Structure formats: C-alpha cells, structure tokens
Amino acid sequence: MPKLTIDGIEIEVEPGTSVLQACERLGIEIPRFCFHDRLSVPANCRMCLVELERSPKPIASCANPATDGMVIHTDSELTKKARKGVMEFLLINHPLDCPICDQGGECDLQDQAVAYGLDHSRYQENKRAVKEKYLGPLIKTFMTRCIHCTRCIRFANEIAGVEELGATGRGEHMEIGTYIESAITSELSGNLIDVCPVGALTSKPYAFAARPWELKRTDSIDVMDAVGSSIRIDSRGGEVMRVLPRLHEDVNEEWISDKTRFACDGLKRQRLDRPYVREDGRLQPATWPEAFAAVADRLSGLKGEETAAIAGDLADAEGLMALKDLMASLGSPNLDCRQDGAKIGEGPRSGYIFNTGIAGIESADAILLVGTNPRWEAPMVNARIRKRWLLGGQIGALKVGVVGPDVDLTYRKEHLGAGPRTLESIAEGKNAFADVLKAAEHPMVIVGMGALTRSDGAAVLAMARSIAETYGAVKEGWNGFNVLHTAAGRVGALDLGFLPGEGGRDLPGILDGAQSGAVKLVWLYGADEFDVSQLGPDADNGAFVVYQGHHGDRAAHRADVILPGAAYTEKNATYVNTEGRVQRARMAVFPPGDAREDWRIIRAFSETIGRKLPYDSLTQVRNRLAEVNAVFATLDRLPEEALGEFGEAGKVGSAGFVSPVDNFYMTDPISRASITMAKCMDEIVGRASAAAE
C-alpha cells in the first residue's frame, strides 16, 4: 500500500486512493467544485490544486492517485496562490446575484470565495450572459452563474441514467443544456439542485420562498414510497417549505426522488382540518364530541362482526396499533391493510420484506424482476440497481431479467416475458435465464406488487420462492428473495398483524359485506386506494363509513363522519420500510386546525364508548408495539429472517403482470393534492403518452 506525506504527516492508503481522499482522511479540507464522491472525476475546475514536491506545477488532487513517496503541501504559498488564481477565474463571469439567489447561504462558491478568493477584482471587461434553459417544471436555471463543473451532466448520465444533459461550445462559449429544449424525464432530476455547487440550478417551486437561516430543520423519513428515504424537512412557522435528502448509505445514499422532494406542496391543499358529520346528505362541520357521538351512536347495538377496518398506505404503526386494539375491543375480526389485494402476510416475515436490503443489491450478479417497474415504484431501488450495473467492469457484470412490463429501467436488461407463464418456464429450467441464475454467485429475485395483487398472487409468490430456492438465491449468508412494496405503511401493518382474524373478512369480503348489509360500519384509516363506491352509495344503502385521514381525497367524499388526522410531517410516527427496517418520522409542524395525531384520535374515541385503550402517551403506545412484535424494539436495523414457507402453490393465469403505479407523480392523497406533481404529470407523463401514441 502506498505511503505518502501530507503536510509533514505520513499516511498509508489503499491503492487507487486519490490525493484529495488521502488529505480528507487526515482531516485536511480541500476545496472543490467539480469533484463529487459519487460521480466520475473530470478534474475540470482545478480548485483542488495542491503542491507536489519535485512537480513543476501544482496538481489536481482529485484526479491524481496517491503513490508511494509523494510529498504533498496543502497550505504552502504556491498552493494558496494557485487557489486564489482559480477562484479569480471562476468569478470573472459570475454575476453578483447573491442577494437574490436561492442558493445564498448554502452556496459552495460563496463559502470558498470567502476562504480562498481575493478581496478585489482585476477584471474590467464585460461579463458574459447565457440564455436560461428550460429543464421542466422542477428545475429553475440561471445559466450565467454556471461555472462548468459538469456535475449535473455526470449525475444525469451516471446516476439518473437519462442522457439528456450535455455541453455545447468550448471555453467561454460553453453552455450546458438539453440540446432540444424539453423537460428532464428522470424521477431523480431534483438531485441536480443538490449537486450544483452554485446557483445555476435551483428549485422552481421553492424559488424566492425563503432563506435557509429562516427555516427550522427536522430529520425525518419519507413516505411517498416504501423505501423510507432519510429526509430533512425544512419548515417556517406552520408550513413545510421544502424537503431535502439526508445521508443514509444503506437506503437512499444522498439522493431522493422528485415525488419525495416536491410533493410537499400537497400538504397545504385539500386538508381536513376539522371533524365533519353527514347530515341530510351533506357533510357538515362538527366538533370532536359531536363526531365521536355520531360514530358511537352508530356503533351502539352492532355486533363485532358487523364492523370492519381498512388501513391505508400511509398509515403509521402507532395509529395501526390503536385501531387494531380498538377493533379487538369491539370483537371485530374484519381487518385488512392490503388495499390492492396483495396476497402476502400469511406466513413468515421473510415472505414480505426486501431481505437482502437495498444496499445488498450491490452484491448481486443476477437479478430477476417479477411484476415490477422499480423506476416508478421505488426510484432509489432502481438507482441502486443501475449503480451495480455500472460497476460491472470492476466486480463482474450484472445480468437483469424482467418478467412483466417492458419499460426503460435506465440499465441494460433482458425482457423475458410478460407474465406467469414465463415465470413457470424459469422455474422448470426451460428458460435461458434459469442458467444465468444458476451460474450466479449471488442471484436475486425481486417480486413487485404487480405480481402479487392478482387473484393468482399467492401462486405467483410460491413460484417466485421456488425459483429463489432452486437457483441458489437462498443459502447460508445470502437471502436473495425480495418483495418490493409500494406503500410506506404496509410492512408495519403486516408486522402488527393488521389482517383478518379467525373467521374475519379481507378487503373483498368487507366490500361484499357492506353491499349485503352484513358489515354495517367501516373505519377507513387513510384508505383511499380502492373503489370506495363498493361500500354503498350512502349509509342507508351500504355501510356507515368513518374516514380518518389528512386529505379530502377519494374516501373522504363517501364518509359519513370525517376525523381529521395528521400527515407524516405533523406527527412523531413509526414506519417500517420495504426492507423491514423500523424508522421514525418526526413532527416538523403542527397539524392544521383541529386535526390530531391518529393514535390520539382513536384513544380518545375508545374512552367515549367506554372501551378505553391502555395507553395515554406515545411512549406507552410504542411499548405496546414492541410487545406485539419485537422488531419495533430496535430502530434502523436490517433484519435477518429465515425464508420459511409462504405462498400457495396453484394454477396461474396467462395475463401479463401490470405495475400498480401507472403515474409516478400521483400515487397518494398528498401527491394528488400537489400542484407541482400535476405540472409534472402534464409535462412529462403527458408528453411520453403522446409520443407513444
């Protein structure tokens, strides 16, 4: 291993380590603009210059590998003079926009100009000006500020996998854009704002809204999909201003999807901020006691089997626990959290989680995707698969086979077929991809909801498990059987057993019961993703519907009583992501109006009907969670589960798998209320649909 001396300190590093990385290991800060830990090295900003003894000129530390015997000086007069010169060149054409720039206060150029720049300018010529580029409804451009670091180009090409950004011209005439002016079609395009070290690319929805020092920062968890990306919620007063990524190497690294970042404006629209009770066919504002009294009156005299509860995709574990305990006190076995009808949960935990973990994708050498479009269902999972695919030349090629929709996944894949018949041929060894799985050292099977929400979903699940066991995806030290969820609250609900009890009804059974009169009251906990018309047109010709949620979405229009809950940014809540990793969302702002945290609503109602739940604080509820399932006792840990038996062997249909996400930008009540997501749908999804036609 090479040994080098940096500022008089000797250090030994691994082969291939750059001089910049070696300096950082010693805690020495090296300025940079073009270099980024997760992107290729272009060495075009020259800000990271350091002095190398016996070298005729300073070297770019990001692009030079550390070699044995190097003597580096990072604080010499030559180094300081070189950095000042580079900074002077960078600022020659940069406009004095700091007072009006959205990057102000968070700008690398500002920070480094203070530390390494001159206190005056020697440039007397006119500054250049560059026409702004249109990159879509999410990215606002000020290309005169661009310093040509090319981070955005490299991110689009390498991480996002959409080769839509590039540079034209040379020198001072170089411009970055999309060649043909159009919106960037990546689900990760918002990360361009983060990688830009100056104010050339900023958030269009957030433009001129706030300054960073005005905002309160709250670390939390994303619920727009089941990945559970680590995020930071920036708020001012009672309003969420923006959502940014936090570093979590095992889940989202330092990226987030556009829906996670930009759908937060949906938190301000179509909110339920007071209880409502339906009177004479119309929902009328009510007080909490009046709403509780209306539900209690309807419950009076009902048998347990005449009541039911359905949990939604954004339901947190605390609320689920309280609702499950409430239904148990009423004697109701009719519970379900599977709005989409997924045939999962009836078996060991390994049958419904992403067992390898998202980071485990980087160890796979063959992946079989079954009934899933990860690019829309879980962009961070798709980005991780692309990352592994790009590493092919270093650690061996990755082969990806797809059974299901044939879509662009941003990496090379082989479309094997559309549905279960193809899966059968793989299981029987008649498909060539079976040999790929057999030859792989770490094969992986990823099953999506498009394969499990069908009537034959249990048989498909069993077949996928059989493939995993037959071809070595499950062995000592490696469990390559993975289920990719689309709902943030689903795994937590399954862990708590929010499923039909003995003799209980599942979702189709509850809907049938509502139509036949066997089920007279249905409690919807944020459940909006099914056909609510099947509950009957009204309480006289169907079930009495209690809707507990935070948006006036689909189910709220059918409700007889509305109990306003809190969104994920407005409560301290527990979620379990698709890996089975227990995570905590934290309150950034208070719920609007009379809205309350969900478990508190249920706890208060239980006292109204004389069935008081045995907890009065959040700590007590969380103790109850750990009592029901020990996984809730440990946070942010990737579980290790034995595979076990799950699924149900049987006949499968011939229809192809279809992804449950047909519109990435609108998948839940929050994103459906977002104006920004509506613009994305019109501009990006609409344009793609028009092109396909």
Side-chain angles (χ1 to χ4, degrees), residues 223-226 270 272 307-316 319-320 323-324 327 332-346 352 371 376-377 448-458 485-494 498-500 504-539 541-563 565 598 657-663 666-673:
V223 300
M224 295 294 106
D225 55 32
Q270 299 181 19
L272 300 173
T307 63
I310 302 171
D313 292 349
L314 305 185
D316 61 275
L320 289 164
L323 184 55
K324 184 184 178 187
M327 300 309 291
S332 174
N334 305 320
L335 306 172
D336 207 349
C337 63
R338 303 163 299 186
Q339 290 185 94
D340 51 12
K343 307 301 186 293
I344 51 175
E346 307 291 346
Y352 60 82
W376 276 14
E377 295 171 24
M449 291 299 109
L452 303 179
T453 54
R454 305 153 45 105
S455 58
D456 59 356
H485 288 271
T486 56
R490 181 69 55 81
V491 176
L494 295 174
F498 204 95
L499 297 167
R505 297 171 180 265
D506 59 6
L507 178 64
I510 293 170
L511 299 179
D512 290 343
Q515 294 172 20
S516 67
V519 174
K520 294 182 170 57
L521 183 144
V522 179
W523 192 300
L524 303 180
Y525 177 20
D528 294 280
E529 311 303 327
F530 68 97
D531 185 2
V532 294
S533 66
Q534 295 186 53
L535 292 170
D538 52 51
N541 300 285
F544 184 88
V545 176
V546 179
Y547 179 75
Q548 178 181 347
H550 43 75
H551 275 74
D553 206 61
R554 298 165 178 168
H557 294 285
R558 169 60 183 84
D560 296 290
V561 174
I562 291 177
L563 306 177
D598 294 288
F657 299 132
V658 178
S659 172
V661 179
D662 58 1
N663 175 9
M666 291 188 173
T667 55
D668 56 81
I670 298 174
S671 57
R672 283 194 288 269

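Numbering of residues begins at 1 and proceeds along the displayed sequence. Every value quoted in this text rests on a predicted model; they were computed, and no experiment measured them.
Legend: residues meeting side-chain hydrogen bond (donor to acceptor under 3.5 Å, both in side chains) with E529, ordered by chain and number and at least two apart, are R554, R672.
The structure places CD of E377 at 3.5 Å from OG of S659, a figure rounded to the nearest 0.5 Å. How far OG1 of T486 is from CG of D225: 9.0 Å, rounded to the nearest 0.5 Å. Atom CE of M224 sits about 4.0 Å away from atom CD1 of I670, to the nearest 0.5 Å.
The shortest distance between side-chain heavy atoms of D340 and P660 does not fall below 4.5 Å. Put simply, the side chain of L452 does not reach to within 4.5 Å of the side chain of Y352, judged on heavy atoms. By the 4.5 Å heavy-atom criterion applied to side chains, N541 and D538 are counted as neighbours. A 4.5 Å side-chain heavy-atom check between D668 and V223 finds every atom pair outside the cut-off.
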*Test R490 against C337 for side-chain contact (heavy atoms from CB on, under 4.5 Å), laying out the working first.*
CA-CA 7 Å; R490 181 69 55 81; C337 63; 4.1 Å; yes

_side-chain contact (heavy atoms from CB on, under 4.5 Å) for T667 and D313? Distances and angles first, verdict last._
CA-CA 10 Å; T667 55; D313 292 349; over 6 Å; no

_Test log, rule side-chain contact (heavy atoms from CB on, under 4.5 Å), inputs D316 and Y525_ = CA-CA 10 Å; D316 61 275; Y525 177 20; 2.7 Å; yes

*What's the verdict on side-chain contact (heavy atoms from CB on, under 4.5 Å) for L535 and L511, showing C-alpha distance, side-chain angles and the deciding distance?*
CA-CA 6 Å; L535 292 170; L511 299 179; 3.6 Å; yes

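A donor-acceptor distance shorter than 3.5 angstrom exists from the side chain of Q515 to the backbone of Q534, with no hydrogens or angles considered. Side-chain atoms of N334 do not come within 3.5 Å of backbone N or O of A308 as any donor-acceptor pair. With hydrogens and angles disregarded, a donor-acceptor distance shorter than 3.5 Å links the side chain of Q548 to the backbone of D598. Distance alone, capped at 3.5 Å, is enough to place a donor-acceptor pair between the K343 side chain and the G341 backbone.
Minimum interatomic distance between F530 and I310 (heavy atoms only, all atoms of both residues): CZ-CD1, 4.0 Å. Considering every non-hydrogen atom in both G450 and F657, the closest pair reads O-CD2, 3.8 Å. In this structure, L272 and I562 approach most closely via the heavy-atom pair CD1-CG2, 3.6 Å. T307 and S332 get closest at one heavy-atom pair: O-OG, 2.7 Å. When every heavy atom of A543 is checked against every heavy atom of L521, the shortest pair comes out as CB-N, 4.4 Å. Of all the heavy atoms in A342 and M449, the pair that sits closest is CB-SD, 3.9 Å.
Of the options L335, D506, L494, a side chain to side chain contact (heavy atoms under 4.5 Å, CB included) to L499 is made by L494 and by none of the others.
Applying the ring-ring contact (aromatic ring centres under 6.0 Å, His included) test to residues at least two apart or on different chains, none of the pairs has a partner in residues 543-563.
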